[in-house]
Amino acid sequence: MEHYYQPEIECASREEILKLQNERLVKQVKHVYDNVPYYRKKMEEAGVVPEDIRSVEDLHKLPFLTKDDLRDAYPYGLMAKPLKDCVRIQSTSGTTGRRVVAFYTQHDLDLWEECCARAIMAAGGTNEDVVHVSYGYGLFTGGPGLNGGSHKVGSLTLPMSSGNTDRQIQFMCDLGSTILCCTPSYAAYLGETINERGLKDKIKLKAGIFGAEAWTEEMRRDIEKSLGIKAYDIYGLTEISGPGVSFECSAQTGMHVNEDHFIAEIINPKTGEVLPEGEKGELVFTSITKEAFPLLRYRTRDICVLTREKCSCGRTHVKMTKPMGRSDDMLIIKGVNVFPSQIETVLLNGGYAANYQIIVDRVNNSDTLEVQVEMTTEMFSDSVSVISKKEKELVNALKSMLGIYAKVKLVAPKSIARSEGKAVRIIDRRNLYS
Ligand code: DLL
C-alpha cells in the first residue's frame, strides 16, 4: 500500500518536475484552446496562441481566470470535455453570487483522490488506519475527496460527514478512529466536547488532516493538545479539484503542492505581476492534468508565500505557507488591512480558545471593530473588575498586533455557536449600508 507515497514523483529533482510540467502544460494549453471557446477568446484578446507556450517559462503570457469568469461562464462555459464524458459535479457553498460548479471525468476523480491519498500517507496513514471523515459530503469537496483518498490508501473509511457530534464521538470511541479529517474549527469543538465528557482516554486518534479554512499555529497547538494528536494542514479549492492541491508532511512547515498536477505562481494581486519565490502575494494555479475542468492561471485570492527550501521529509515539491486568509477576507478597517488570523493569534496566545466573532460596523461614518471572545470556564467566576482588566489586556495586545483599537467583549462560555463545517467568524455590518 506504499504506492500512494510516490517518491519518484514527490521527491523528484527540480529538473525532472519541470520537464514533466513543460510537457503537460503544452498539451493542456492546446486541449483548452481547442475545447473551451471562452478561454480561447481570452487568449485571442491577449494575442497568445498555443504555440507561444512552450514551457513553464511562458506561463506568464497566458491570461488569468478569476471567479468572475467562472460566474460568467456558469455552468458549462469552461468545460473542456463533453458532458457524456463527465461522471461527477462538485460545487462551492456559494455564499455570495452564483455557485461555482466543477466537473470531473473518471480520470479527474482518480487524480484528485490520488492527491488526497498522498496527503493521508504524509500524515502517517496506511491500510492499518481507520480514517474518520467528518468533512461534509455532497456538493462540498471535503468529504468525497478525503473519502476517495482513504480508499486509495486502503484505510478503513468512516464516511461520517459533518454534524451529530454525539454520534461522531461514539463512533470514534467504538470503532477506534485513528485519523480525523474535518475543518480545524470542528476539530477544536470535538476536542472540547471529548475532554468535557472525560473521554480522551477512550479515543485512539493519532493524527488529524484539517483544512478548508484558515487556522493559525496557535490553533494547531490547541487542537494537538486537546485531542492528543499531530495536526496536519491540507489545502485545496473546488475550482482546482478540491482538497489535496497541497498538504503538510511530518515537517509541518508548509504544504507541498502536488506539482505534477498543478503549477503554482505567486502574483502581486494589484498588478498581476509574477513575484519571485519567497515573496508574499496571491496564489495562482494552473491545472495541467485535469480533463473536464482544466483552469489555466486561476486566481485563488488566497494570500501566501511559496518556498523551495529543502524539506526534511525528502519531498521536493514547492511548499506554500498557510494562507493568511483570502484577499477578499481581508478587512479594511479605518484604512488598515486586518486579517482575521492576526486576531486569532492574539486570542489564542492570551489563553483563550478559538471561539470568537469579529464584528465590524460603521458608526458616525467611522469604522468600528469589536471582538467577542468566550471566557474560559475558570474565568467565568471572576469578578467584574478582573474581567474588565482581562478585556483591557486584550485591547492592548490587539492594538499592538493590528495598529488600531478594537473593542473587546468577553462573553459567557459556550455562547458563540460552534461550527460543524467552515466557521463563520466575521460579521461585517457595513455591507448593510452600501
Ligand atoms: O475548502 C476544499 C477543501 C476541503 C480543502 C477540505 C481542504 C480540506 P472550497 O469550499 O472551494 O474548497 O474553498 C476553497 O477555502 O480558496 C481557501 O480560501 C480556503 N482554504 C482551503 N483550505 C485551506 C487551508 C475547499 N488549509 C477555499 N487553510 C480556498 C486556509 C483554506 N484556507
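Counting starts at 1 for both ligands and their atoms, in listed order.
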Handout entry: Which segment of R301 sits under 4.0 Å of ligand 1 when only heavy atoms are counted
Key = neither

Handout entry: ligand 1 versus L237: contacting region, heavy-atom distance under 4.0 Å
Key = both

Charged N to carboxylate O under 4.0 angstrom, [X] versus [Y]?
X: D69; Y: K42; result: yes
X: D108; Y: R88; result: no
X: K414; Y: E192; result: yes
X: R221; Y: E217; result: no

Problem - Identity of the nearest option to atom 9 (P) of ligand 1, non-hydrogen atoms only, from T183, T238, I303 - result: T238

Exercise for the section: Check if E213 has a non-hydrogen atom at a distance under 4.0 Å from any atom of ligand 1. Expected result: yes

Problem - Within-4.5 Å side-chain heavy-atom neighbours: V360 and V338 - result: no

Based purely on interatomic distance, does [X] place a nitrogen or oxygen under 3.5 Å from a nitrogen or oxygen of ligand 1?
X: T300; result: no
X: I234; result: yes
X: A212; result: yes

Completion exercise
For D233, the ligand 1 atoms with a heavy-atom partner under 4.0 Å come out as 24 (C), 26 (N)

Practice task
May I ask you to list the atoms of ligand 1 that are less than 4.0 angstrom from any heavy atom of T92?
Solution key: 11 (O)

Completion exercise
Exactly one candidate in E248, E10, E259 meets salt bridge (Lys or Arg N to Asp or Glu O under 4.0 Å) with R118; the answer is E10

Table please: side-chain donor-acceptor pairs of residues 290-299 below 3.5 Å, with sequence neighbours left out.
from : atom 1 : to   : atom 2 : distance (Å)
K290 : NZ     : E239 : O      : 3.4
K290 : NZ     : F293 : O      : 3.3
E291 : OE1    : T105 : OG1    : 2.7
R297 : NE     : E265 : OE1    : 3.0
R297 : NH1    : H60  : O      : 3.1
R297 : NH1    : L62  : O      : 2.8
R297 : NH2    : E265 : OE2    : 2.9
Y298 : OH     : E239 : OE2    : 2.7
R299 : NE     : E282 : OE1    : 3.3
R299 : NE     : E282 : OE2    : 3.2
R299 : NH2    : P269 : O      : 2.9
R299 : NH2    : E282 : OE1    : 2.7

